[in-house]
Enquirer: 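Just passing along the structure, written as structure tokens.
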Amino acid sequence: MVKMLKKSAFFLLFLLKIISPTLSQKTYWASKVLEFSSEKVIPFQTTEYKAVQALGKPNVFPSHVVSTAAWEPFFTDGPNVEYITVGFDTLMSIRQVAIAENYGQGCISKVIALDTESNPHILYDINNKPLKPLSKGKMLNIYLPESTSYGVAAIKLILNTEKIKGPNQIDAIGISETIEPIKAMIKVAADAPKKVYRENLGKGVNSRHQEFAPVISSDGKTLFYTRNYMSMFGKEKDQDVWFSVQDKDGNWIKSKNIGYPINNNDKNAVFSVSADGREILLMNKYNKDGKLSPGISRSYRTRDGWAYPEEVKIDNYYNQSPNAEFAVSPDGSVMVMSIQRKNTTGKRDLYVAFKKDKNTWTEPINMGRQLNTFEHDVTPFIAADGKTLYFSTQGLPGYGDNDIFKSQRLDETWQLWSEPENLGPAINTPNWDGYFTIPASGDYAFICSINASKKEDIYRLELPKTAKPEPVAIISGNVLSTTDKKPVEALLTMTPQNDKLKPEIKNYDPATGSFSFVVPLKEIYDFVPYAKGYLAINEIVDLSKEISYREIKKDFYLMPLEVGNKGVLNSFTFEQGESKLQAPALKDLDRIAQAMLDFPTLEILFEGHTDNQGDFQLNLKLSEERIEEVKTYLISRGVPTERITTKGWGQTRPIASNTTEERRKLNRRVEFTIVKK
């Protein structure tokens with residue numbers, strides 16, 4: 001085995017260390033493997049059980065479950081002497097060594113410190129220690145009566161694997177200058193609830209079969225999940241998608257099978273539901289012959305029910321695992337997936353892809369070591385704020401089997417994330433926990449856990465305010481005609497005034513229900529509907545002062561292109577005394593220009609108005625100047641001048657009082673009337 005101790009550099013670091021005062025305890029974890037006897041080999045894998053898993057702070061300890069994220073020697077229960085030697089970036093005298101024995105605790109027979117000259121110093125010898133009752137795992141803390149007189153460059157462990165039957169795993173090796181116990185800490189979220197009531201959703205949702213993979217709609221009123229039918233002998237028979245709807249009293253009514261074409265004789269599951277509840281992302285690709293193949297599909301809700309699923313295409317998509325999960329951001333532009341690929345850290349990792357067009361996504365990008373571990377990182381869920389990611393893993397310190405963690409997105413690349421935080425023992429159990437899903441309100445979380453009968457059920461947890469994602473608003477409603485207030489099938493565009501946020505376009509079909517947008521607070525949004533034969537009435541929704549979750553019911557309007565119909569261009573806001581058109585107004589005029597080009601005989605009268613501030617005649621002139629700006633722009637877009645009529649009214653026709661600036665803004669407006677079609 002190769003030994004790599006850089007003596008001169010270590011000695012210099014040691015001198016610097018011993019002349020510096022110790023202010024507080026600091027744990028230094030091993031940073032390099034210098035030698036080892038053997039390591040467990042898994043075909044086609046590169047890091048599982050390898051010696052490098054003993055580096056850094058504990059990966060999974062104190063879970064005390066057999067993990068690929070710990071070093072495990074190749075020879076188990078045999079007479080072979082196993083060993084590992086690790087080095088540290090910091091050279092110092094020490095008072096303590098801590099070894100995270102992840103599993104098979106008690107097999108360490110000797111712990112030896114190596115100085116800068118590679119001289120061995122025995123710190124621990126099991127032959128000189130009384131035997132104690134064994135546990136699956138523990139932190140072995142070795143305390144020295146006084147600081148070493150030498151700088152510790154490396155620590156060597158010698159294991160007697162024959163002594164302890166079964167796997168023997170070392171997760172981490174640390175040193176310290178003090179005897180304050182080194183402990184393996186679970187990084188628990190500061191806002192993790194101290195106590196949570198875990199409510200089984202009962203017979204309306206759960207059955208004697210396996211229920212898992214819950215997905216809650218944004219409004220919290222529809223729950224999709226997967227039911228795995230089991231025979232009396234415990235054999236899987238079928239796997240279907242089911243759903244339950246909440247009644248007016250908040251109870252979950254008896255679930256229904258979602259039926260064909262979503263369910264067939266193969267394994268079916270829902271991964272994600274769109275913000276408006278009209279699109280679901282499904283496991284597998286639905287082929288034309290009715291059979292399934294690896295991949296993902298989507299289905300739209302139509303007037304007649306769910307459409308036959310169509311393939312969702314991801315550039316260079318492949319998955320080396322038989323399992324996968326997917327989650328889509330509230331705006332529908334980002335997909336996070338749990339899959340296994342050539343560059344996967346360990347088992348399944350979290351990857352991100354970005355929407356290219358209606359049905360195509362970019363190649364998956366690994367989301368990095370801040371999130372991904374050497375274990376399976378699974379069941380991702382993106383909260384309504386578009387920033388908070390929840391996922392399940394056994395590859396981080398937790399309370400048993402898979403725990404649920406959360407992390408915050410720090411930039412727009414989806415590559416930079418905060419350190420994952422465990423949601424705490426009130427949510428996570430010693431058993432497998434996953435499929436964490438939250439409605440936009442954040443009031444409740446839905447989770448999949450193993451019950452007392454060792455069967456997966458779906459539970460609901462009430463979340464305290466501190467544990468919720470950032471608050472958002474749900475804006476929902478209909479697109480109506482200005483004349484008869486009847487619904488109009490249309491495209492509805494939502495454009496944030498903040499350029500860092502992305503616009504969204506939704507198809508509004510009154511036969512399938514109202515539209516719905518989930519949007520961050522503290523922003524201002526422009527909404528514009530579009531349908532051929534109508535002129536859009538632009539509306540602004542101002543959430544800049546909102547601080548808590550809101551559900552906003554709002555209808556948007558389209559004006560039929562009929563003679564006599566009249567509207568106000570809400571995007572036209574002028575500074576006092578100014579006639580220059582601003583960007584939002586130009587977008588409205590572009591839509592009007594397009595309508596006038598689509599209908600070559602369409603003629604429109606534009607009328608300008610001011611507030612009552614200043615001279616009467618100057619205000620009249622100002623209103624005329626504003627309208628001329630409108631006419632000039634429309635002509636530049638190809639509309640013949642003879643089809644545009646203008647009139648300036650100055651301050652003579654107010655629609656609001658002029659007592660405050662906010663009210664005066666309403667009077668500084670542009671109106672339009674269709675005079676010929």
Side-chain angles (χ1 to χ4, degrees), residues 218-219 275-276 329-334 383-388 409 411-412 440-442 468-480 482 490-506 508 514-530 535-559 567-576 578 580-592 609 611 626 630 633 655-656 660-672:
S218 293
D219 62 8
D276 57 9
S329 62
D331 65 3
S333 66
V334 180
D385 61 9
K387 298 178 181 178
T388 308
R409 180 167 59 85
D411 68 359
E412 298 302 316
S441 66
K468 299 177 182 179
E470 292 184 20
V472 297
I474 295 181
I475 302 172
S476 60
N478 302 281
V479 178
L480 307 176
T482 57
L491 288 177
L492 182 59
T493 301
M494 181 276 294
T495 306
Q497 292 188 5
N498 182 350
D499 292 337
K500 294 181 179 179
L501 301 178
K502 298 177 182 177
E504 290 184 52
I505 301 176
K506 292 185 182 293
Y508 169 70
S514 62
F515 64 78
S516 182
F517 291 86
V518 178
V519 296
L521 303 182
K522 305 291 185 181
E523 303 289 348
I524 300 174
Y525 301 92
D526 293 326
F527 285 85
V528 181
Y530 170 79
L535 279 179
I537 307 297
N538 178 74
E539 291 277 357
I540 295 175
V541 177
D542 188 348
L543 303 179
S544 59
K545 297 180 181 179
E546 300 293 339
I547 59 173
S548 58
Y549 171 75
R550 285 196 61 193
E551 292 184 5
I552 299 171
K553 302 293 184 182
K554 187 170 182 61
D555 295 329
F556 299 105
Y557 290 89
L558 286 165
M559 190 180 77
V568 178
L569 293 170
N570 296 313
S571 62
F572 280 65
T573 55
F574 297 95
E575 295 298 326
Q576 190 169 354
E578 295 292 328
K580 184 179 179 181
L581 296 173
Q582 299 182 13
L586 299 182
K587 293 179 181 178
D588 259 358
L589 289 179
D590 284 339
R591 286 186 287 272
I592 291 175
H609 304 268
D611 59 30
R626 288 173 175 171
V630 169
Y633 185 81
I655 58 173
T660 66
E661 174 57 20
E662 289 301 313
R663 303 298 291 173
R664 288 192 289 270
K665 282 183 179 179
L666 299 177
N667 291 327
R668 301 196 291 268
R669 69 194 190 279
V670 170
E671 297 175 335
F672 64 94

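Every value quoted in this text rests on a predicted model; they were computed, and no experiment measured them. If you read the sequence from its start, that first residue is 1, and numbering goes on from there.
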Enquirer: Main chain of G386, side chain of R409: is a donor-acceptor contact present, judged purely on distance under 3.5 Å?
Expert: yes
Enquirer: Roughly how far apart are M559 CE and F672 CZ, rounded to 0.5 Å?
Expert: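 Here the rounded value is 4.0 Å.
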Enquirer: Which heavy-atom pair separates P520 from L543 by the least distance, and what is that distance?
Expert: O-CD1, 4.1 Å
Enquirer: Got a sec, which residues hit side-chain contact (heavy atoms from CB on, under 4.5 Å) with S548, two or more places apart in sequence or on another chain?
Expert: none
Enquirer: Kindly write out the residues that satisfy side-chain contact (heavy atoms from CB on, under 4.5 Å) with T493, not counting sequence neighbours, or none if the list is empty.
Expert: T495, I505
Enquirer: Where is the tightest heavy-atom contact between R663 and A656, given as atom of each residue plus distance?
Expert: NH2-CB, 3.6 Å
Enquirer: Kindly write out the residues that satisfy side-chain contact (heavy atoms from CB on, under 4.5 Å) with E662, not counting sequence neighbours, or none if the list is empty.
Expert: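 Checked E662 against side-chain contact (heavy atoms from CB on, under 4.5 Å); matches are T660, K665.
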Enquirer: Looking at CG of D611 and CD of E661, how far apart are the two atoms once the value is rounded to the nearest 0.5 Å?
Expert: 7.0 Å
Enquirer: Please determine whether side-chain contact (heavy atoms from CB on, under 4.5 Å) holds for the pair L581 and L589, giving the CA-CA distance in whole Å, both sets of side-chain angles, and the decisive distance to 0.1 Å.
Expert: CA-CA 10 Å; L581 296 173; L589 289 179; 3.8 Å; yes
Enquirer: Please give me the minimum heavy-atom distance between A440 and A384, naming the atom from each residue.
Expert: CA-CB, 3.8 Å
Enquirer: Can you name the one residue among L521, D385, I547 that meets side-chain contact (heavy atoms from CB on, under 4.5 Å) with P471?
Expert: L521
Enquirer: With ring centroids as reference points, do F527 and F517 lie under 6.0 angstrom apart?
Expert: yes
Enquirer: Atom CD of E671 and atom CD1 of I655: how far apart are they, to the nearest 0.5 Å?
Expert: 6.5 Å
Enquirer: Looking at CD1 of I474 and CD of E551, how far apart are the two atoms once the value is rounded to the nearest 0.5 Å?
Expert: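 Here the rounded value is 5.0 Å.
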Enquirer: So which atom in P529 and which in V479 form the shortest heavy-atom distance, rounded to 0.1 Å?
Expert: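 Minimum heavy-atom separation between P529 and V479: CB-CG1, 3.8 Å.
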Enquirer: With rounding to the nearest 0.5 angstrom, report the CG to CD1 distance, L480 to I537.
Expert: 12.0 Å
Enquirer: Please report the closest heavy-atom contact between S516 and A275, naming both atoms and the distance.
Expert: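 Taking S516 first and A275 second, the nearest heavy atoms are OG-O, 3.7 Å.
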Enquirer: Starting from the C-alpha separation in whole Å, work towards a yes-or-no answer on side-chain contact (heavy atoms from CB on, under 4.5 Å) for M494 and K506.
Expert: CA-CA 8 Å; M494 181 276 294; K506 292 185 182 293; over 6 Å; no
Enquirer: Apply side-chain contact (heavy atoms from CB on, under 4.5 Å) to residues N498 and K522 and explain how you reach the verdict.
Expert: CA-CA 10 Å; N498 182 350; K522 305 291 185 181; over 6 Å; no
Enquirer: Quick check, are the ring centers of Y508 and F556 under 6.0 angstrom apart?
Expert: no
Enquirer: Please assess S476 against K553 for the test side-chain contact (heavy atoms from CB on, under 4.5 Å), listing each intermediate value before the final yes or no.
Expert: CA-CA 5 Å; S476 60; K553 302 293 184 182; 3.2 Å; yes
Enquirer: Taking 4.0 angstrom as the limit, do K587 and D590 come out as a salt bridge?
Expert: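 D590 and K587: not salt-bridged.
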Enquirer: For the side chain of D555 and the backbone of N478, is there at least one donor-acceptor N/O pair under 3.5 Å apart?
Expert: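 Checked: pair present.
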Enquirer: K502 and S333: which non-hydrogen atoms are nearest, and at how many Å?
Expert: NZ-OG, 3.5 Å
